[in-house]
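Numbering of ligands and ligand atoms starts at 1, following listing order. Excluded from the calculations below are hydrogen atoms, water molecules and symmetry mates; all remaining heavy atoms, backbone and side chain alike, are included.
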Amino acid sequence: MDTDRSARLFERAREVIPGGVSSPARAFASVGGTPRFIARGEGATMIDEDGNEYLDLVNSWGPLLFGHARQEVIDAASSALQRGSSFGTPTEGEVELAAAIIDAVPSVEKVRLTNSGTEAGMSAVRLARGATGRDKLLKFVGHYHGHSDALLVAAGSGVATLGIPGSPGVTEGAAQDTILVPWNDADAVAAAVAEHGDELAAILVEPVAANMNLVPPDPGFLAALRDHADACGAVLVFDEVITGFRLARGGAQEFHGVVPDITVMGKVVGAGFPLAAFGGPAELMDQLAPEGPVYQAGTLSGNPVAVAAGRAQLELLTPAVYEQLEGAATALADGFQAAFDAAGITATVTRHGSLAGVLFTSDAPRRFEDVAAADHAMYARFFHAMLDRGVYLAPSGYEVIFPSTALDEPMLERIVAAAQEAAQRLAATG
Ligand SMILES: *Cc1c(COP(=O)(O)O)cnc(C)c1O
């Protein structure tokens, strides 16, 4: 596989951009090698600057539920763009998108649009603090809520990939109100709530942990969080930036039947454009300025081009889409697990709804430490063996597989066949 152009571009990128990337996980730091510079995408396929084609299992880290350059999304965004890129005024489109979000996610009565998941999560925390008059946050180890100061503590995703325990630049003051609890540890949650309950503004959670590989909640765990939040008067925040519109049209809260106070959304809601959102009961959301005192804003928030793309994608969300996504995730998870088993490689492939995660461990992970203890060097080898065979996995063992509906049966079979070859190769070169 010729990667000369990507290699040259990466060299040039590193001269002008820190690490050569606009977001750390893209740099292949934990898997090694040259990040592929992508020239274009078509459905399930990405084509890099050297002309190599990859079946894409990342889909821009989740937003592209239907794969690349989906025609309805392009048409909606192009026609919005023809009318102007941004006005800094209210527009009809954002009202329609808000209504579409509310229709899909019944716990959301009102919603505010932002430009990124980070902003949405940060704003949800400010709203929870403003509404409760309390400071502390309960957060789970390995959960990722974007890169705002208070939420970067013991975060998953790129923070975990790079092994950064916190980050320089995050003050002790910003971190001291974040209480950390291990995921799926009901006793630790109960103890933290017993100690800090009356100071807790919010319990923040990825309802399905998907930035520390894939770790579903233990049965009853989310319901217990709901009960704790009710008992101590904290706001329960579901960060559904990955799970929203992906596990189900109504997200993880529909999938698991547990309803949060505030829902944070991103990725799928923007169809690949910089758009995210947070929403909840009207009474709570009306605490936001200009209705209430909690300030939150954005020059480009509700951008008409992003809004048009998001609306177009949400309109495509039918039950059949989720059947197809789950079918793809199942085919990949079962096929990968069988490939590892046949090659005698210790691996656990977790599937939860339409998400899947590949982890080189003998047991299904329940906590961040289980994910951290997996064989990440083996993941790097698997990643490259798949890349060489034209399959693009996330360049980190802390991330998940995001299938799209653009993957048809023959493509899924090709990916599984590539996994079989890759697993045999890993075993042979062990
Ligand atoms: C990606 C992600 C975020 C951050 O969203 P950005 O748009 O990257 O700022 C927050 N929470 C979760 C669960 C995410 O996966």
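Close approach of ligand 1 to Ser116 (heavy-atom distance below 4.0 Å) involves ligand atoms 7 (O), 9 (O). Here is the list of ligand 1 atoms found below 4.0 Å of a heavy atom in Ile242: 15 (O).
Closest protein heavy atom to atom 11 (N) of ligand 1: Asp239 OD2, 2.7 Å. The nearest protein atom to atom 13 (C) of ligand 1, hydrogens excluded, is given as Tyr144 O, 3.2 Å; this is a heavy-atom distance. Looking at atom 8 (O) of ligand 1, its nearest protein heavy atom turns out to be Thr118 OG1, 4.5 Å. In terms of protein heavy-atom proximity, atom 14 (C) of ligand 1 is nearest to Lys267 NZ, 3.0 Å.
By the 30° and 60° cut-offs, the orientation of the rings of His143 relative to Trp183 is perpendicular. Ring pair Tyr392/Tyr54 is perpendicular by interplanar angle, where above 60° counts as perpendicular and below 30° as parallel.
Taking the six-membered ring for Trp and the full ring otherwise, Phe255 and Tyr322 have centroids separated by 6.0 Å or more. Within the 6.0 Å centre-distance limit, the rings of Phe340 and Phe382 are counted as a close aromatic pair.
Arg351 and Thr330 share a side-chain donor-acceptor pair at under 3.5 Å.
For atom 6 (P) of ligand 1, the choice among Ser148, Pro63, Ser23, Gly117 with the nearest heavy atom turns out to be Gly117.
Counting heavy atoms under 4.0 Å from ligand 1, residue Asn211 touches it through the side chain alone.
With a 6.0 Å radius and a threshold of 12 heavy atoms from other residues, nucleotides or ligands, His147 has its NE2 atom at or below the threshold.
Contact check on Arg70 versus Asp75 returns no salt bridge, with no Lys/Arg side-chain nitrogen under 4.0 Å from an Asp/Glu carboxylate oxygen.
Distances between N or O atoms of Glu206 and those of ligand 1 include no value under 3.5 Å.
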